Amino acid sequence: MTRADEIMLVAQVGANDSAMVPLSRLRSVNGGTGAVVLTFDGPANVDTITLTCGADEFAATKAVVSEITGCSTIA
């Protein structure tokens with residue numbers, strides 16, 4: 001069960017499907033080939049979310065982390 005003040009990550013994972021996972025369950029953010037892969041732990045129906053991003057995985061990974069942390073100066 002999540003707390004009332006838990007920050008949730010929301011992603012559309014298909015045309016008619018979406019996922020909402022507590023930020024506290026996020027374990028890693030990795031750049032892949034044309035994608036950013038978010039990995040979660042714990043009792044969730046979704047353990048990974050792959051975000052398609054194009055050629056610059058590093059820039060996309062930094063953008064995802066910046067949004068999650070609220071920090072715009074990630075180097």
Side-chain angles (χ1 to χ4, degrees):
M1 185 163 167
T2 61
R3 300 183 331 253
D5 62 344
E6 179 90 60
I7 295 172
M8 305 297 283
L9 299 176
V10 180
Q12 185 170 352
V13 294
N16 296 316
D17 198 10
S18 59
M20 183 168 70
V21 184
L23 178 59
S24 63
R25 296 184 193 235
L26 180 65
R27 290 297 161 241
S28 67
V29 178
N30 293 299
T33 304
V36 175
V37 180
L38 308 175
T39 304
F40 302 90
D41 74 351
N45 292 333
V46 176
D47 61 357
T48 60
I49 294 176
T50 302
L51 306 171
T52 303
C53 66
D56 196 346
E57 298 89 1
F58 184 61
T61 301
K62 289 192 313 183
V64 168
V65 173
S66 291
E67 285 296 320
I68 291 171
T69 62
C71 179
S72 62
T73 59
I74 294 177

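Treat the numbers as computed from the prediction; the structure is a model and nothing was measured. Only this structure's heavy atoms are used, side chains among them; waters, hydrogens and symmetry mates stay out. One-based numbering along the sequence shown.
At least one side-chain heavy atom of Ile68 sits less than 4.5 Å from a side-chain heavy atom of Leu26.
Listed by chain and residue number, Leu23 satisfy the side-chain contact (heavy atoms from CB on, under 4.5 Å) test with Ile7 (two or more places apart in sequence, or in another chain).
Each of Leu38, Leu9, Asp41 was scored for a side chain to side chain contact (heavy atoms under 4.5 Å, CB included) with Arg25, with one residue passing: Asp41.
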Show which side-chain atoms of residues 28-37 pair as donor or acceptor with protein atoms under 3.5 Å away, not counting sequence neighbours.
unit_1, atom_1, unit_2, atom_2, d
Ser28, OG, Asn30, ND2, 3.3
Ser28, OG, Thr39, OG1, 3.4

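Separating the CD atom in Glu6 from the CE atom in Met20 is a distance of 10.5 Å, to the nearest 0.5 Å.
Atom CG of Asp5 has more than 12 neighbouring heavy atoms from other residues, nucleotides or ligands inside a 6.0 Å radius.
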